[in-house]
Amino acid sequence: MGGEACNITIQTVYKVVPDEIEHIQSMITQWTHSKFKLILTTGGTGFTPRDVTPEAIKPLLNRRTKGIEIAMLKKSLEITSHAMLSRPVAGIRDQTLIITLPGSVKAIRENLGVVLPAIPHAIGLICSNPYSSSVDAHRARDLITAPQAQPHPQSITSTMDGEQQQGHGHSHGHGHSHGHGHSHGHHSCGGSGKRGSKYVMTPVEEAINIILEQSNLLKLKIESVDIAKSLGRIIAEDITSKDPFPTFRASIKDGYAVRSKDGIGHYKLLGDSVAGGSNYSKETNDEEKHCVRITTGAMVPDIYDAVVMVEETEIIKENVVSIEVSVRPGQDIRPIGSDIPQGTVVLKKGDKMGCSEIGLLATLGIQTVQCYGLPKISIISTGDELVDYKKQGELEAGIIRDSNTPTLEAIIKEISNHFGECASRDQINLVGIVGDKLEDLESTFVEESKNSDIIITSGGVSMGQLDLVKPLLEKMGKVHFGRVNMKPGKPLTFSTITSDEKTTLVFSLPGNPVSSVVCFYLFVVPALRRISGFSNTNLPQVEVKLLDRIQMDPERPEYHRCYIEWDFNEHCFVSKSTGSQASCRLLSLKQANALLVLPQKEGYLEKGTMVKSILIGPLSN
Ligand SMILES: Nc1ncnc2c1ncn2[C@@H]1O[C@H](COP(=O)(O)OP(=O)(O)O)[C@@H](O)[C@H]1O
Ligand SMILES: [Mg+2]
């Protein structure tokens with residue numbers, strides 16, 4: 001219908017997704033990136049706990065379109081008073097109109113019947129809105145002048161319990177994977193109020209995917225590393241043993257090397273074979289039983305095929321030993337290559353070098369190993385109110401010490417210590433403080449992007465008049481997202497600056513120390529790990545039982561700082577909250593070794609609830 005009125009081609013895509021906020025959000029953001037004009041969802045708008053469609057969609061909207069919601073409710077209320085138990089949501093994200101429909105076919109018909117006639121006009125208005133930023137103005141012009149050139153797909157999602165199913169029907173115009181450098185796709189139409197952010201909220205999972213995609217583009221040089229310096233590194237090659245191990249037949253026991261066929265009896269002692277050397281007479285008489293004293297790990301002389309352990313023997317007199325048990329051929333001898341046959345792949349590309357891996361390569365005579373490169377990082381603290389943390393004495397009013405620089409540097413080192421090397425530690429460039437001045441910031445970015453693979457800034461990304469970082473990065477590079485649907489850390493911004501074929505990732509963390517730390521763990525660490533060669537970019541996650549009652553946030557998923565430990569009585573991990581989670585409260589991070597992942601929901605999580613958590617430190621202090 002919309003197609004006829006607008007004189008455009010209609011393409012339709014269907015998808016069934018489970019009643020999970022993340023699934024619904026991921027679908028919606030993917031489709032809005034792909035410039036679908038209309039998304040209709042069905043189901044999940046009622047009162048049961050599984051009805052989460054409105055909660056999933058609301059945070060993604062730049063503008064609510066209450067009129068559509070009211071029109072649908074009014075129509076349904078005329079038919080049944082039960083319509084008051086429906087919670088429809090309608091609104092605009094980017095250039096997409098999104099409307100949630102109820103689940104029942106009858107109700108869908110009633111609701112659609114009332115809104116459909118207005119939809120073509122609505123879409124037309126959305127597409128023709130003037131844009132607030134100059135970048136978007138270009139895009140707007142493109143759309144306005146060439147409406148026929150673009151397919152105007154229409155899409156329908158429906159939500160239900162159970163597995164996600166592949167959509168059916170005709171799917172066209174859906175060529176991009178989401179988050180694939182569509183930085184401009186993230187801008188709203190400038191409609192979130194004159195003073196609102198022009199960046200739409202990106203769900204956390206999607207933000208991480210965008211970061212990983214960009215991280216994949218940074219191809220650092222593989223380097224040859226001395227095994228003694230390779231702890232925690234990811235290797236970039238398969239390693240094969242050139243020699244067997246052990247390379248000679250070695251005794252497993254302290255005792256006597258014998259010919260097993262000689263059996264029990266008195267043996268002539270010909271001398272010693274000790275680890276690292278031997279001293280025994282090679283002149284033997286085949287008629288008599290003879291042996292050589294041997295120590296653990298020493299080479300078994302070729303003529304012997306077994307070792308009798310010292311406990312089963314007795315010295316009769318000088319150079320005569322009584323062997324009191326018979327042994328089978330091969331007893332207590334480690335054959336050549338029994339541990340590691342020649343040609344064995346002992347380590348695989350992607351393995352992490354640990355202590356034993358270093359020992360293994362040392363054993364095999366391998367002194368260097370090819371490892372993935374480690375990113376060079378620059379850390380910049382922005383803000384006119386900052387002074388170096390080493391500054392002694394009283395500070396002027398309004399001045400604070402820069403705590404983000406030493407904290408972020410320490411986190412890089414700690415994460416590397418605990419979970420594997422993910423940054424070039426001796427090349428972390430602590431740029432220090434840059435004031436809130438455009439020229440200073442710009443020249444710092446230019447300089448640092450020449451040398452570093454990753455620039456981490458803190459501060460200046462909110463909506464204040466001195467928050468210059470986002471517009472500057474828009475100018476200098478590409479802003480991939482400028483807000484994330486999370487608490488704390490909403491203004492987190494991720495960009496890339498590319499010059500002379502070199503790409504630098506820029507993480508602009510919020511200035512607030514708590515927010516910057518949480519964002520570092522959630523977003524910077526996966527990038528560091530991806531670049532350093534880790535196949536698993538996540539920090540470890542465990543389920544924990546809450547020892548506190550915790551309030552959730554209906555607006556945003558929250559990352560609650562906590563201390564977790566194993567409880568031997570409960571047989572599970574338990575978590576103690578670090579107290580008030582106000583993002584300005586530094587002590588909410590003290591002693592924290594995990595982040596609880598709290599869903600975006602109304603109400604409380606009761607004590608005893610099991611919750612997912614992300615480990616950010618060791619399990620015991
Ligand atoms: N490097 C830093 N060390 C300690 N506190 C900081 C630092 N940078 C910013 N802050 C504080 O964090 C808060 C937010 O700073 P602001 O620059 O407005 O960050 P943003 O705009 O990114 O949210 C302010 O109180 C600021 O003084
Ligand atoms: Mg600031």
Side-chain angles (χ1 to χ4, degrees), residues 192 195-199 201-202 204 207 377-412 428-442 444-445 448 454-474 476 479-495 505-524 555-556 558-559 561 580-590 592:
S192 45
R195 297 174 69 85
S197 171
K198 67 172 185 156
Y199 296 95
M201 290 276 215
T202 309
V204 170
I377 301 178
S378 293
I379 301 178
I380 304 167
S381 287
T382 75
D384 286 336
E385 76 280 30
L386 303 174
V387 288
D388 193 293
Y389 73 95
K390 290 183 188 134
K391 177 148 171 75
Q392 295 292 315
E394 227 173 90
L395 304 181
E396 281 171 46
I399 297 296
I400 56 170
R401 293 190 183 84
D402 165 24
S403 65
N404 288 347
T405 296
T407 308
L408 297 176
E409 185 195 13
I411 293 178
I412 295 170
I428 301 176
N429 187 16
L430 305 182
V431 178
I433 300 158
V434 177
D436 292 315
K437 270 171 221 69
L438 214 47
E439 315 82 71
D440 295 355
L441 277 170
E442 183 165 2
T444 309
F445 278 139
E448 295 312 310
I454 294 184
I455 298 176
I456 299 168
T457 69
S458 63
V461 286
S462 291
M463 298 297 297
Q465 60 195 28
L466 291 179
D467 293 332
L468 309 167
V469 172
K470 281 177 180 154
L472 179 60
L473 286 164
E474 289 271 12
M476 298 184 67
V479 175
H480 295 271
F481 57 80
R483 277 202 301 169
V484 180
N485 189 35
M486 65 180 289
K487 184 179 165 186
K490 186 170 73 173
L492 172 77
T493 300
F494 173 67
S495 326
L505 309 186
V506 186
F507 291 88
S508 311
L509 311 181
N512 196 307
V514 173
S515 312
S516 68
V517 166
V518 171
C519 286
F520 190 95
Y521 287 119
L522 287 181
F523 302 100
V524 185
E555 302 288 319
R556 285 178 282 161
E558 186 171 358
Y559 295 83
R561 284 74 75 199
S580 161
Q581 297 289 300
S583 64
C584 56
R585 188 172 164 264
L586 288 175
L587 293 180
S588 72
L589 268 168
K590 201 181 126 218

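Start at 1 and go down the list; that is how both ligands and their atoms are numbered. Everything numeric in this text was worked out from a predicted model, so none of it was measured.
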| Measuring to protein heavy atoms, does anything land under 4.0 Å from atom 5 (N) of ligand 1? | yes
| said: For atom 14 (C) of ligand 1, what is the closest protein heavy atom, and at what distance to 0.1 Å? | reply: Asn512 N, 3.7 Å
| task | Check the pair Glu385, Arg401 against salt bridge (charged side-chain N to carboxylate O under 4.0 Å, His left out), reporting the backbone distance first and the verdict last. | result | CA-CA 8 Å; Glu385 76 280 30; Arg401 293 190 183 84; over 6 Å; no
| message | Using the side chain to side chain donor-acceptor pair (under 3.5 Å) criterion, which residues pair with Ser495? Sequence neighbours excluded. | response | none
| task | Test ring-ring contact (aromatic ring centres under 6.0 Å, His included) on Phe507 and Phe494 and set out the steps. | result | CA-CA 5 Å; Phe507 291 88; Phe494 173 67; 5.0 Å; yes
| Nearest non-hydrogen protein atom, atom 18 (O) of ligand 1 | Asp467 OD1, 4.0 Å
| task | Specify the closest pair of heavy atoms between Leu509 and Ser516, including all atoms of both residues, with the distance to one decimal. | result | CD1-O, 3.5 Å
| note | A student checking ligand 1 against Ser381 at a 4.0 Å heavy-atom cut-off should list atoms 1 (N)
| query | Taking N or O atoms only and a 3.5 Å limit, does Thr405 qualify as a polar contact for ligand 1? | reply | no
| query | Between Lys470 and Gly482, is there a donor-acceptor pair closer than 3.5 Å when you use the side chain of the first and the backbone of the second? | reply | yes
| atom 17 (O) of ligand 1: nearest protein contact (heavy atom, Å) | Gly460 N, 3.0 Å
| said: If we set the cut-off at 4.0 Å for heavy atoms, which region of Glu385 has an atom near ligand 1: side chain, backbone, both, or neither? | reply: side chain
| field | Main-chain N/O of Gly459 paired with Thr382 side-chain donor or acceptor, under 3.5 Å | value | yes
| query | Is any NZ, NE, NH1 or NH2 atom of the basic residue among Glu396 and Lys391 found under 4.0 Å from an Asp or Glu carboxylate oxygen of the other? | reply | no
| remark: Within 4.0 Å of some non-hydrogen atom of Arg401, the atoms of ligand 1 are 3 (N), 4 (C)
| Can you tell me which residue and heavy atom of the protein come closest to atom 3 (N) of ligand 1, and the distance to 0.1 Å? | Ser403 N, 3.0 Å
Which pairs would a plain distance check flag for residues 582-590, meaning a side-chain donor or acceptor within less than 3.5 Å of a matching protein atom at least two apart in sequence or in another chain?
residue	atom	partner	partner atom	Å
Arg585	NH1	Thr578	O	3.2
Arg585	NH1	Ser580	O	2.8
Ser588	OG	Arg561	NE	3.3
Ser588	OG	Arg561	NH2	3.0
Ser588	OG	Arg585	O	2.9

| task | Return the residue, atom name and 0.1 Å-rounded distance of the protein heavy atom closest to atom 1 (N) of ligand 1. | result | Asp402 OD1, 2.8 Å
| request: Give yes if a backbone or side-chain nitrogen or oxygen of Pro513 is under 3.5 Å from a nitrogen or oxygen of ligand 1, and no if not. | output: no
| message | Within ligand 1, which atoms have a heavy atom of Pro510 less than 4.0 Å away? | response | 22 (O)
| What do you reckon, does Gly511 have a nitrogen or oxygen under 3.5 Å from a nitrogen or oxygen of ligand 1? | yes
| message | With a heavy-atom distance limit of 4.0 Å, tell me whether Leu386 approaches ligand 1 through its side chain, its backbone, both, or neither. | response | side chain
| query | Heavy-atom distance to atom 7 (C) of ligand 1: which of Leu586, Asn404, Ile400 wins? | reply | Asn404
| request: State, without any angle test, whether Asp402 and Thr405 hold a side-chain donor-acceptor pair at a distance under 3.5 Å. | output: yes
| said: What protein heavy atom lies closest to atom 20 (P) of ligand 1? Include the residue and the distance to one decimal. | reply: Ser462 OG, 3.3 Å
| task | Kindly give the heavy-atom pair with the smallest separation between Ile433 and Gly383, and that separation in Å. | result | CG2-O, 3.8 Å
